[in-house]
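As structure tokens, the structure follows; a few thoughts come after it.
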There are 2 protein chains.
Amino acid sequence: MNPSVIANTGVSETGASLLSIQREMASVFAEIADLFGNPSSLGAIYGLLFASPEPLSMEEIVERLGISTGTASQGLRRLAEMQAILPKKEDGERVTRYEAKLELRPFVAMFLEQQLLPKIGHSAERIETLKQKLSSIPKDSREELGIRMERASKWHRRAKTFLPLVRKFLGG
Amino acid sequence: MNPSVIANTGVSETGASLLSIQREMASVFAEIADLFGNPSSLGAIYGLLFASPEPLSMEEIVERLGISTGTASQGLRRLAEMQAILPKKEDGERVTRYEAKLELRPFVAMFLEQQLLPKIGHSAERIETLKQKLSSIPKDSREELGIRMERASKWHRRAKTFLPLVRKFLGG
DNA sequence: ACTTCATTTCATTTTGAATTGAAGTGTCCG
DNA sequence: CGGACACTTCAATTCAAAATGAAATGAAGT
């Protein structure tokens, strides 16, 4: 009668249903992580913890998601670094358990600050450098290209002022 | 004395320098495309056209970027679809030449509308569906999970109202 | 109708990032 | 000390997405 056939690792009857919700939540967050250029396992782990009232150990995460210990270990580390989850070493326990922080901010911030801003900054630099090379090309092209690169620079400036705003808005 | 060793396909002395600028610009835009989850060839083609005062044919693009005809063909189609470039079939000419539109809007809009919004919408739906499954789990977990899913829904709603705003701001 | 040449298509190949898993590290407790 | 256990590391593997390139298509000119 239990519809879930997979990896019933000592979880109670009703637990199976909770597990299916947790797996679905993991899958939803996996998609989102992927959308933002993160490994989907990151999202899956976060999603599972998000849908877990009780903190989970790495072993439980590995079990419930069917991922490898390596992936879980690295994923947990990155999530902790980006402050999306909270590791809790309980008193006399051997294991570390993790719980999801429920704010969106860490996710968004991590993406904006670690991915977007640096890369935008980097390409802005490259364009500045290019502007200087312009002097060495024929006059006709030079003028038009100068205009275009100025335009590209403008985009970058706008993005740089705008992104922190996004962060503020979504971060609350 | 010419520093450029690669694929000098009958381009004049000064042209080599222009070519190097175009290649660098292609590379900058390739990175940006990649950052937004698009194939980097898309960015490269757009970057080349952006740094090209004269419209270019597919053959010229293939030559200058060293990509295959297949990649060029598909890339040009997608760029034209997203209105980032303009195909110009000249009077009695065989070839189609392409020029870059210089606005950022098509790029941003394409990303927001084709990638972000639909996927955000999709995961919002999945979470709504999940909310209904909540009734079948034990009371204690149910309450906490209900709160969390409500929170997740809130994020999605916020994102959905906010993204069109981004579009308007960057799109000008 | 035939040739030529630009372009598209798509089965195959390449590439690179994510994942695996087994060996290694460290730590706790008897 | 030593063995059990939680976790980390990293070389090897997997896998999906992108790129290739040769064959198919199609449009122009003769």
Side-chain angles (χ1 to χ4, degrees), chain A residues 7 9 26-27 29-49 55-81 85-98 111 114-115 119, chain B residues 7 9 26-27 29-49 55-81 85-98 111 114-115 119:
Chain A
T9 57
S27 159
F29 278 85
E31 265 188 13
I32 293 175
D34 180 63
L35 179 59
F36 286 106
N38 293 111
S40 66
S41 59
L42 263 201
I45 295 169
Y46 182 79
L48 170 58
L49 292 176
L56 300 178
S57 69
M58 191 174 114
E59 199 192 352
E60 289 168 318
I61 292 167
V62 164
E63 256 166 24
R64 296 192 190 195
L65 295 180
I67 61 180
S68 70
T69 58
T71 300
S73 173
Q74 291 180 187
L76 287 168
R77 174 169 33 177
R78 281 202 60 196
L79 286 167
E81 278 168 11
I85 66 176
L86 205 62
K88 313 188 84 178
K89 181 90 109 192
E90 212 62 41
D91 50 303
E93 278 288 314
R94 284 285 200 101
V95 298
T96 306
R97 294 177 175 279
Y98 301 85
F111 174 64
Q114 315 282 308
Q115 322 257 321
K119 287 183 189 167
Chain B
T9 56
S27 158
F29 278 86
E31 265 186 12
I32 293 174
D34 181 61
L35 181 58
F36 285 106
N38 293 111
S40 66
S41 59
L42 264 201
I45 295 170
Y46 181 78
L48 170 58
L49 292 175
L56 299 179
S57 69
M58 190 174 112
E59 199 192 353
E60 288 168 319
I61 292 167
V62 164
E63 256 166 23
R64 296 192 190 195
L65 295 180
I67 61 180
S68 70
T69 59
T71 299
S73 173
Q74 291 180 185
L76 287 167
R77 174 168 33 177
R78 282 201 60 197
L79 286 167
E81 277 167 11
I85 66 176
L86 206 62
K88 312 188 86 175
K89 180 91 111 194
E90 212 63 42
D91 52 304
E93 279 287 315
R94 284 285 200 105
V95 299
T96 306
R97 295 176 174 279
Y98 300 85
F111 174 64
Q114 315 281 307
Q115 321 257 323
K119 287 182 189 169

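Note that the coordinates shown come from a computational prediction; the quantities given were computed from them, not determined experimentally. We use all heavy atoms of the structure for the numbers below, so side chains are in, but hydrogens, waters and symmetry mates are not. Letters A, B, ... are given to chains in the order of the sequence lines, protein chains preceding strands, and every chain is numbered from 1.
Here chain B contacts DNA chain C (any atom closer than 4.0 Å to a heavy atom, that is under 4.0 Å), and the contacts span dT4(C) to dC10(C) from 5' to 3'.
In this structure, Val95(A) and Met58(A) have side chains that are not in contact, with every pair of non-hydrogen atoms separated by 4.5 Å or more.
Between the CG atom of Leu76(A) and the OG1 atom of Thr71(A) there is a distance of 10.5 Å, given to the nearest 0.5 Å. How far CG of Leu79(A) is from CD1 of Ile45(A): 6.0 Å, rounded to the nearest 0.5 Å. One distance of note links CG of Asn38(A) with CD1 of Ile32(A); it measures 11.5 Å at 0.5 Å rounding.
Applying the salt bridge (charged side-chain N to carboxylate O under 4.0 Å, His left out) criterion to Arg97(A), with sequence neighbours excluded, gives Glu60(A). Qualifying ring pair (Phe, Tyr, Trp, His ring centres under 6.0 Å) partners for Tyr98(B), counting only residues two or more places apart in sequence or in other chains: none. For the salt bridge (charged side-chain N to carboxylate O under 4.0 Å, His left out) test, residues two or more places apart in sequence or in another chain that qualify with Lys88(A) are Glu99(A).
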> How does protein contact run along nucleotides 11-26 of chain D, one letter per nucleotide 5' to 3', with B for base contact, S for sugar-phosphate only, - for none, heavy atoms under 4.0 Å?
Replying inline: -------SSBBB----
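The CD-C1' distance, from Glu93(A) to dC5(D), rounds to 13 Å in whole Å.
Screening residues 29-43 of chain B for salt bridge (Lys or Arg N to Asp or Glu O under 4.0 Å), with sequence neighbours left out, gives Arg126(A)-Glu31(B).
Nearest-nucleotide assignment on DNA chain C puts the 5′-proximal partner with Leu76(B), out of Leu76(B) and Lys89(A).
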